[in-house]
Amino acid sequence: MLMQPSVTRTPWPHSFVMLLEFLAVVLVLFYLVRKVCMRRMVELAEQIPGPKTLPFIGNGLEFGTNTKDVFRSVMRLMKRYPSISRYWLGDKLLIMLVDREFIEHFFIMDRWTCDQRPFAIKAYYKNNYNSIATQRLFRCHYNIHRNDPIPSAHDAIKIWIQNFEVSGSALKKKSPGKQRSVCTQENINAVRVAMIRSPKRSASRHAISLGLSNTSIPRILHKGLHMHPYKIQVVQTLKDADKVNRNTFRQQFWDLNINDDIVHNMLMSDEAHFHLSGYVNKQNFRYWSPTNP
């Protein structure tokens with residue numbers, strides 16, 4: 001009889017087992033400490049709908065591994081949560097906004113109301129221009145949690161005070177926009193002289209010669225000189241003899257005893273000739289004038 005060799009398994013070293021136990025304890029303690037430190041954020045995040053969260057990895061398994069799986073998972077989650085949803089990737093909180101109203105609330109609308117700004121300005125002056133004391137009164141007056149945001153001392157409150165001292169209002173003035181420096185009287189006069197001197201030159205050629213952009217010349221012609229581009233249309237001049245010729249052709253055509261088959265044997269054509277030199281190419285020619293020529 002053949003004797004099968006016995007397989008003996010060597011046990012793991014005791015030090016290696018202790019290392020695994022130590023790492024497990026460290027991970028559990030780290031998880032509990034992070035959860036305690038982020039208690040306020042976790043409480044707020046639980047109020048937002050979302051899938052079930054697993055310890056340590058969060059919702060990482062919901063999105064897959066490759067790009068296609070991530071895209072499909074996002075589309076599936078958008079259908080499941082059509083307005084707002086939250087996801088945890090480890091200890092990182094991700095909030096996905098889908099509904100337009102939520103997006104306007106978080107990004108477009110201002111965080112602080114018109115009643116809160118005057119209160120902060122009054123508290124700033126009452127506390128001898130102390131921003132830190134103003135923040136404390138603001139938090140106590142509006143009963144804001146210690147982990148929730150309040151107006152920053154060096155950004156929000158300082159800007160409100162500057163706006164109030166300049167304009168008497170805490171609201172930020174709307175910017176008048178970028179001042180256009182192209183439509184000046186000097187450029188308008190230069191374009192007027194160039195159009196009178198070379199009326200057959202195109203607007204792009206005038207832009208190159210005057211050192212202006214291709215968009216500035218049409219803007220000056222429209223707004224500064226009140227001109228409009230007119231396209232040449234070639235029409236036929238009708239004379240008195242044309243009416244007689246038309247009636248004669250109509251009668252001759254009628255005398256041919258037209259039947260149903262003649263329609264299929266007729267050849268009709270419409271030709272157009274365009275010349276690149278020697279004649280006006282009406283396809284790319286524009287005549288700038290304040291009135292219709």
Heavy-atom pair of closest approach, residues [X] and [Y]:
X    : Y    : value
A194 : L210 : CB-CD1, 4.3 Å
G58  : T53  : CA-CG2, 3.5 Å
A207 : S213 : CB-O, 3.7 Å
I188 : G224 : CD1-CA, 3.9 Å
F138 : F119 : CA-CE2, 3.8 Å
Y124 : I161 : CD2-CD1, 3.5 Å

Could you check whether any side-chain N or O of S216 sits under 3.5 Å from a backbone N or O of L212, counting only pairs where one atom can act as donor and the other as acceptor? no
Keeping the roles fixed (side chain from N163, backbone from W160), state whether a donor-acceptor pair exists under 3.5 Å.
no
Cluster overlap V193 with I217, hydrophobic side-chain contacts below 4.5 Å
no
Y87 with M75, same ILVMFWY side-chain cluster at under 4.5 Å: yes
Contacts satisfying salt bridge (charged side-chain N to carboxylate O under 4.0 Å, His left out) that involve residues 77-90 (not counting sequence neighbours) are none
Under the side chain to side chain contact (heavy atoms under 4.5 Å, CB included) criterion, do L137 and K126 qualify, and how do the steps go? CA-CA 11 Å; L137 290 176; K126 287 182 178 179; over 6 Å; no
Got a sec, which residues hit ring pair (Phe, Tyr, Trp, His ring centres under 6.0 Å) with [X], two or more places apart in sequence or on another chain?
X    : value
Y81  : none
F71  : none
H222 : H228, W288

message: Applying side chain to side chain contact (heavy atoms under 4.5 Å, CB included) to L94 and W88, what does each step give before you reach the verdict?
response: CA-CA 6 Å; L94 301 179; W88 288 95; over 6 Å; no
Value rounded to 0.5 Å, distance of [atom1] in [X] from [atom2] in [Y]:
X    : Y    : atom1 : atom2 : value
I208 : N214 : CD1   : CG    : 7.0 Å
N59  : K92  : CG    : NZ    : 15.5 Å
I220 : H206 : CD1   : NE2   : 12.0 Å
L225 : M195 : CG    : CE    : 8.0 Å
R139 : I150 : CZ    : CD1   : 4.0 Å
R192 : N187 : CZ    : CG    : 12.0 Å

Point to revise | No-hydrogen, no-angle side-chain donor-acceptor test under 3.5 Å, T248 and N245 | key: no
Distance only, no hydrogens: is a donor on one side chain within 3.5 Å (strictly under) of an acceptor on the other, for N189 and Q185?
yes
Under a side-chain separation threshold of 4.5 Å, the hydrophobic residues clustered together with I132 are none
Q162 meets the side chain to side chain contact (heavy atoms under 4.5 Å, CB included) criterion, sequence neighbours left out, with K158
Could you walk me through whether M96 and L77 pass side chain to side chain contact (heavy atoms under 4.5 Å, CB included), step by step? CA-CA 9 Å; M96 183 167 63; L77 294 171; 4.2 Å; yes
message = Tell me if the CZ atom of R205 is crowded by more than 12 foreign heavy atoms within 6.0 Å.
response = no
Apply the test side chain to side chain contact (heavy atoms under 4.5 Å, CB included) to residues I48 and I95: give CA-CA distance (whole Å), side-chain angles for both, the deciding distance (0.1 Å), then the verdict. CA-CA 9 Å; I48 304 175; I95 298 178; 3.9 Å; yes
inquiry  = In terms of relative ring orientation, are Y129 and Y125 parallel, tilted or perpendicular, with 30° and 60° separating the classes?
reply    = perpendicular
